[in-house]
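Here's the structure, in structure tokens; my notes come after.
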Amino acid sequence: MCYNGFVMKMKENVKIFLIALILGMAIAFFLSFKFKDQVAFAINPTVTYFYVGSYNSLEVATNLSHSYPNSVVYQDEDIYKVVIGVFSEDNVIDLMSSYFTNKGISFERGSISVDNAFLGEISNYELLIKSSDSSYYDGINESILNLFREYMS
């Protein structure tokens, strides 16, 4: 009788353990999707930048940058790129990609590692992009590019 009581108690403990395990896994799964951007933000701080050309000459890149108001000439090793936007969140990247395409701007994408302070600063502007009308995108993007210019210098 003692043995049967022990087995019954063990079965009950295993059931409680499995329920707690499944519940914990479900919560972890939910939170990993809800806070995906924040986790990536902490582990791998990178931003995606949009650029309209890459050149071997700083002079040529600077001349092209005059065609795109507020653009930044970014040096990537020996290549100079004319950057027209810098973003970190996937939905903002998609939104601004559509915005630039609708304006008839042909661009490429690149990525660069940055520090968490820079990501924190542009996340405020990205929140504005997500909650604003497209008529405000140029002004918000100008502010982000100014931050990027300061960050790179």
Side-chain angles (χ1 to χ4, degrees), residues 1-54 68-153:
M1 187 140 191
C2 184
Y3 177 73
N4 284 340
F6 177 74
V7 171
M8 294 300 285
K9 186 72 171 165
M10 283 297 291
K11 285 183 180 179
E12 188 177 313
N13 287 342
V14 169
K15 286 179 188 177
I16 292 172
F17 173 75
L18 288 176
I19 290 171
L21 180 65
I22 291 170
L23 185 61
M25 288 172 46
I27 291 171
F29 183 75
F30 171 74
L31 292 176
S32 70
F33 281 103
K34 181 166 176 59
F35 298 107
K36 178 182 76 170
D37 291 336
Q38 286 84 356
V39 171
F41 177 83
I43 295 172
N44 189 13
T46 61
V47 293
T48 298
Y49 61 90
F50 297 166
Y51 64 98
V52 291
S54 49
Y68 297 93
N70 306 311
S71 62
V72 176
V73 176
Y74 163 64
Q75 183 176 359
D76 185 14
E77 296 181 17
D78 292 335
I79 305 287
Y80 299 95
K81 297 180 179 182
V82 180
V83 176
I84 59 169
V86 179
F87 313 101
S88 65
E89 293 184 26
D90 290 338
N91 51 354
V92 175
I93 292 168
D94 293 339
L95 187 65
M96 292 305 290
S97 178
S98 296
Y99 176 70
F100 288 132
T101 301
N102 290 341
K103 287 182 74 170
I105 299 173
S106 181
F107 60 90
E108 298 291 326
R109 292 183 186 185
S111 65
I112 181 175
S113 295
V114 294
D115 62 19
N116 286 333
F118 179 72
L119 279 180
E121 289 181 34
I122 69 168
S123 68
N124 295 326
Y125 291 104
E126 288 181 322
L127 182 61
L128 286 173
I129 288 172
K130 291 187 286 189
S131 62
S132 297
D133 184 62
S134 63
S135 62
Y136 296 103
Y137 289 174
D138 284 333
I140 298 168
N141 189 46
E142 177 184 351
S143 298
I144 293 173
L145 287 171
N146 287 335
L147 285 173
F148 184 66
R149 185 178 290 113
E150 289 175 21
Y151 177 76
M152 297 311 295
S153 58

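- In this structure, the separation between NZ on Lys103 and CE on Met96 is 8.0 Å, given to the nearest 0.5 Å.
- Here Glu108 contributes atom CD and Ser54 contributes atom OG; the two are 8.0 Å apart, rounded to the nearest 0.5 Å.
- Distance CG/Leu147 to CD/Glu142: 11.0 Å, rounded to 0.5 Å.
- Note: Tyr74 and Tyr51 fail the aromatic proximity criterion, with ring centroids not under 6.0 Å apart.
- Considering only heavy atoms from C-beta on, Ile129 stays 4.5 Å or farther from Glu89 through its side chain.
- The side-chain heavy atoms of Tyr68 and Ile105, taken from C-beta on, include a pair separated by under 4.5 Å.
- Identified under the salt bridge (Lys or Arg N to Asp or Glu O under 4.0 Å) test for residues 68-83, with sequence neighbours left out: Asp76-Lys81.
- The CG atom of Asp90 lies 12.0 Å from the OG atom of Ser97; values are rounded to the nearest 0.5 Å.
- A distance of 8.5 Å separates CZ of Phe118 from CG of Asp115, quoted to the nearest 0.5 Å.
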Item to complete: Give the intermediate values and the outcome of side-chain contact (heavy atoms from CB on, under 4.5 Å) for residues Leu145 and Tyr49.
Response: CA-CA 10 Å; Leu145 287 171; Tyr49 61 90; over 6 Å; no
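- In terms of modelled atom types and a separation under 3.5 Å, the side chain of Glu126 and the main chain of Val92 share no donor-acceptor contact.
- The shortest heavy-atom contact between Ile140 and Ser132 is CD1-OG, 3.9 Å.
- Pairing each heavy atom of Pro45 with each of Asn116, the nearest pair is CB-OD1, 3.6 Å.
- Annotation: side chain of Met152 is in contact with side chain of Ile112 (closest heavy-atom distance under 4.5 Å).
- In this structure, Ile144 CD1 and Ile84 CD1 are separated by 12.5 Å, a value rounded to the nearest 0.5 Å.
- Residues Phe87 and Tyr125 keep their aromatic ring centres 6.0 Å or farther apart.
- For residues 17-28, no residue pair satisfies the salt bridge (Lys or Arg N to Asp or Glu O under 4.0 Å) rule, not counting sequence neighbours.
- Considering every non-hydrogen atom in both Val52 and Ser106, the closest pair reads CG1-O, 3.8 Å.
- Side chain of Arg149 to backbone of Val73: no donor-acceptor contact under 3.5 angstrom is found.
- The heavy-atom pair separating Asn141 from Gly85 by the smallest distance is OD1-CA, 3.6 Å.
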